[in-house]
Amino acid sequence: MTRHLILVLGDQLGWDNPAFEDFDPAQDRLLMIEADSEAGEVWNHQARIALFLSGMRHFANEAHRRRWPCVYMKVDDPSLPGDFAGRLAHALHTHQPKALVVMETGAWRMEQLIDSAAEHAQVLLRWVNDTHFLCSRAEFAKWAGDKKELRMEFFYREMRKRHGILMEGKEPIGGQWNYDAENRKGFGAKGPGTVPPPARFAPDRVTQDVISLVQTRFAGHPGTLDHFAWPVTREDALVALQHFIDQRLENFGAWQDAMWTTLPFGWHALVGSSLNLHLLNPREVITAAEQAYHERGLPLASVEGFIRQVLGWREFIRGVYWLDMPHLAEANHYGHTRDLPKWYWTGNTHMACMQATIGQSLQHGYAHHIQRLMVTGQFAVLAGLSPQQVSAWYRAMYVDAVEWVETPNTLGMALHANGGRFTSKPYVASGQYVSRMSNYCKGCRYQPEVRTGPSACPMTTLYWDFLIRHEQAFAGNPRTALMVKHVGKMSEEDKSQIRAQANATREGLDGM
Ligand SMILES: Cc1cc2nc3c(=O)[nH]c(=O)nc-3n(C[C@H](O)[C@H](O)[C@H](O)COP(=O)(O)OP(=O)(O)OC[C@H]3O[C@@H](n4cnc5c(N)ncnc54)[C@H](O)[C@@H]3O)c2cc1C
Ligand code: SF4
């Protein structure tokens, strides 16, 4: 007889899960479900599938070492139903637990599915708060209140005060909340110089088996496993974190927005997948960075900039997701409906910036924030691509992609599809921004400063067309008025040439 069946999802691989608090190996069991419907629910990068499966299998092995009974359903077990819902129903029927215990999940849809599976099986369902986050869903909803517009900066300051992070009494250390003026540089003509590489991990036996499985079972899925080196255990994740703190945090701030063809990881931390699978706890990530400031004198601009990502953006984005779902997933402020060009899945395009960003995403399942926001993201909004197709692409492509973080970042931040609920203006720029922040344009057949004609940069043409199309709306809002000031000075002839070139660009997207 099973007392509690505790469902552990692929992004819940922390041993600090509060659902384990009163775990009794004599009466309780863990339940872990691999399922085709999860791995293949959207078109998934092979590295993302391998990361989740390997992480889950390592976790189950650790449960075994701890002598915690664990019902583990492998994806290729033909005796079980293929989809997640069917497997959960099967487990509930077989084990007839007194209660199914589950920690809050990372996806709205998954919570609906679990609710209905428990109801159908007439099993008591106990939801447990996800204490991995520093701000609970209820606390965030209280902070948001009935604010129409949510701003990360104000939330972040509250979090700094509430948790006493980088504070001197009631004031922020150094006297400022934000040091971005010192950050966000480009590498310049000389390039990035020598950058210490991030920690990477050779696949162990478990990961090698998973890689073989993925290569056969999910052979048609995008991406490659040739470079798979992500942490899949807590031990590896801790090594990766320490390595970042010791070698890369110092320069994280200055170059967090810079891009370079030979530097897919820049100075970034690469902790997203470990955080999102709960191999790392955000508190230990923040503490490690703060300690490096106090004990090793690392630059405050870098340390604060990094902490803002984890304590600010990450917690804020999660709060927004739960506040605005399910309608957030359907948001389409501009009514964009165009299909994703095929080359989003292959990187085969003449646009060097897209080629580099998509290319490294296919190789590693990774691109850093500015590549996601100001290359693939801004192109999508400028070209009028369907937000839902774009969101499915981001969810498929990145090893750190989990719905609660991918959806608001894509629909809210990159595509402005929720009408600016948490961003004051769309993140769009011409090819000249890409040129300033990277070396991509040097190897491109297009020219970033040219808006019309055969060498016109598609990013630039579409950017000006976007401003022309939204001139009135943007001019009427003090936050966006500056963006369209220059459009007001353009001749009608210039505008119509840009419009014509933009239409041709959109019609010929597949050949760009
Ligand atoms: C369109 C788009 C889609 C994105 N999809 C995801 C996603 O699916 N999963 C994901 O974790 N992040 C996503 N991000 C945010 C960000 O790009 C990644 O967190 C980051 O690139 C991960 O790499 P890193 O660990 O090297 O991060 P670093 O740049 O080193 O930052 C450290 C950590 O801060 C947190 N962080 C930074 N920016 C954000 C942000 N905007 N939102 C939430 N957390 C943040 C992450 O946990 C990250 O690991 C997305 C951003 C955009 C613009
Ligand atoms: S010229 Fe335009 S398309 Fe080419 S790399 Fe630069 S921004 Fe991208």
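First listed ligand is number 1; within each ligand, the first listed atom is number 1. Since the model is a prediction, treat every value here as computed from it, not as a measurement. Just so you know, these numbers use all the heavy atoms, side chains as well, and skip hydrogens, waters and symmetry mates. Residues take their numbers from the sequence shown, with the count starting at 1.
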Which residue holds the protein heavy atom closest to [atom], what is that atom called, and what is the gap in Å?
| atom | result |
| --- | --- |
| atom 29 (O) of ligand 1 | His268 ND1, 2.7 Å |
| atom 5 (S) of ligand 2 | Cys353 N, 3.4 Å |
| atom 30 (O) of ligand 1 | Ala269 N, 2.9 Å |
| atom 7 (C) of ligand 1 | Asp400 OD1, 3.3 Å |
| atom 35 (C) of ligand 1 | Gln309 O, 3.5 Å |
| atom 8 (O) of ligand 1 | Ala401 CA, 3.1 Å |

inquiry  = Any nitrogen or oxygen of Phe252 lying under 3.5 Å from a nitrogen or oxygen in ligand 1? Just yes or no.
reply    = no

query = Does some non-hydrogen atom of Ser435 fall short of 4.0 Å from ligand 2?
reply = no

request  = Confirm or rule out an N/O/S atom of Cys457, from backbone or side chain, lying less than 2.8 Å from atom 2 (Fe) of ligand 2.
outcome  = yes

message = Does the plane of the ring in Tyr366 sit parallel, tilted or perpendicular to the ring in Trp230? Use 30° and 60° as the thresholds.
response = tilted

request  = Please work out whether the ring planes of Phe379 and Tyr344 are parallel, tilted or perpendicular, with thresholds of 30° and 60°.
outcome  = tilted

inquiry  = My understanding is that we take every heavy atom of each candidate and find the minimum distance to atom 6 (Fe) of ligand 2. Doing that for Gly443, Cys441, Ala456, which one comes out nearest?
reply    = Cys441

Going by heavy atoms, is [X] under 4.0 Å from ligand 1?
| X | answer |
| --- | --- |
| Phe306 | yes |
| Tyr394 | yes |
| Ala367 | yes |

Report the part of [X] in contact with ligand 1, treating N, CA, C, O as backbone and CB onward as side chain, heavy atoms under 4.0 Å; options are side chain, backbone, both, neither.
| X | result |
| --- | --- |
| Ser273 | neither |
| Val271 | both |
| Asn276 | side chain |

query = Got Ser430 and Met459 here, is their nearest side-chain heavy-atom distance under 4.5 Å?
reply = no

key: Contact bool for atom 47 (O) of ligand 1 (protein heavy atom, d < 4.0 Å)   = yes

